[in-house]
Amino acid sequence: MTAFTNHQIVLTAIGEDRPGIVSELTQLVSDCHCNIIDSRIAILGNEFTFIMLLAGDMSAISRIEHTLPTKGMELGLLTMMKRTASHVACEFCAGYTLEYTGIDTPGTLSKVTRFFADNNISICSLKSDTYDEDDELKMRCELEFNIPVEVDIDNFKVSFEDLSRSLNVDYIFRRIR
């Protein structure tokens, strides 16, 4: 591990969406001599949301911790930071995406994520939204996950088939790694 990446911090920002926010935040990161390891942006309602995993030496991480609050206030953003360490990947036999759609029913996402937790499977990423189709509110969700070596993927899929029937959702599993 190099000195540049021996310290990491997760930075989040939320505020009213407008052009230039990403540029301002990434310039701040660059000025503080940090490197963006991973990032996600989403517009939720009228709010811009940004999460970044940054790496740098101790002085770079300290610099971002001290300058972000002022920059966030200047930009009208609510910000939060938390120091972290490099992710330690566990052994897995395969990676998948699951996409499902159906009529928007309260509790569906909760039941799907509970199913994953009960099967000892961590969700790597999740995106869900709703949309109108034929005067009905529909939902769609895409999850990415890794199957631990101790999980029987065939049993997992059969069990999910049962869950999908009870939730009245259509789904597709795709192996991605």
Side-chain angles (χ1 to χ4, degrees), residues 8-19 21-22 25-26 36-55 72 75-177:
Q8 294 185 348
I9 190 167
V10 175
L11 178 154
T12 62
I14 183 171
E16 188 174 338
D17 184 36
R18 66 183 175 283
I21 296 175
V22 174
L25 289 173
T26 56
I36 300 171
I37 303 299
D38 198 356
S39 64
R40 303 286 187 278
I41 296 174
I43 304 300
L44 302 172
N46 194 37
E47 301 304 308
F48 160 86
T49 59
F50 196 6
I51 186 166
M52 292 185 277
L53 174 62
L54 307 178
L75 296 172
L77 299 173
L78 175 63
T79 61
M80 184 174 67
M81 297 167 280
K82 183 176 186 306
R83 287 190 184 216
T84 189
S86 295
H87 179 71
V88 178
C90 60
E91 279 194 55
F92 64 91
C93 60
Y96 286 85
T97 60
L98 164 66
E99 295 176 35
Y100 71 84
T101 60
I103 295 171
D104 187 30
T105 307
T108 300
L109 182 58
S110 175
K111 290 173 183 164
V112 169
T113 57
R114 172 52 43 203
F115 175 81
F116 276 75
D118 290 346
N119 281 277
N120 201 32
I121 297 173
S122 294
I123 297 169
C124 302
S125 69
L126 182 148
K127 180 181 180 188
S128 67
D129 62 357
T130 59
Y131 60 98
D132 286 317
E133 184 178 273
D134 301 327
D135 293 327
E136 247 180 339
L137 190 60
K138 301 273 184 117
M139 64 174 165
R140 66 181 148 222
C141 183
E142 182 175 333
L143 297 96
E144 184 178 316
F145 58 97
N146 294 323
I147 298 289
V149 291
E150 65 273 8
V151 173
D152 183 322
I153 185 63
D154 294 326
N155 287 338
F156 175 79
K157 287 179 177 180
V158 168
S159 296
F160 190 82
E161 173 68 27
D162 294 339
L163 177 63
S164 73
R165 272 195 298 273
S166 73
L167 297 174
N168 197 26
V169 297
D170 297 319
Y171 72 93
I172 299 171
F173 278 112
R174 287 189 186 95
R175 185 169 178 163
I176 55 174
R177 58 183 158 272

Lys157 with Glu161: basic N within carboxylate O range, under 4.0 Å: no
Beyond-backbone contact of [X] with [Y], side-chain heavy atoms, under 4.5 angstrom:
X	Y	value
Tyr100	Val112	yes
Phe173	Thr97	no
Leu109	Met139	no
Leu11	Thr79	no
Thr101	Lys138	no
Asn168	Thr105	no
Leu98	Phe160	yes
Tyr96	Ile121	no

Measure the spacing between [atom1] of [X] and [atom2] of [Y] and express it to the nearest 0.5 Å.
X	Y	atom1	atom2	value
Thr12	Leu78	OG1	CG	7.0 Å
Ser39	Ile41	OG	CD1	6.0 Å
Asn119	Asp152	CG	CG	10.5 Å
Arg18	Asn46	CZ	CG	10.5 Å
Thr84	Ile37	OG1	CD1	12.0 Å
Asn120	Ile147	CG	CD1	10.5 Å

Donor-acceptor pair, side chain of Arg174 and main chain of Ile172, under 3.5 angstrom: no
Gln8 side chain vs Leu54 backbone, donor-acceptor pair below 3.5 Å: no
Pair Phe156 and Phe116, ring centroids less than 6.0 Å apart: yes
Of all heavy-atom pairs between [X] and [Y], which one has the smallest distance, and what is that distance?
X	Y	value
Arg40	Phe50	O-CD1, 3.2 Å
Cys93	Val149	N-CG1, 3.9 Å
Cys141	Leu143	SG-CD1, 3.6 Å
Asn146	Cys124	ND2-SG, 3.7 Å

Check against side chain to side chain contact (heavy atoms under 4.5 Å, CB included), Glu144 and Arg177: CA-CA 11 Å; Glu144 184 178 316; Arg177 58 183 158 272; 2.9 Å; yes
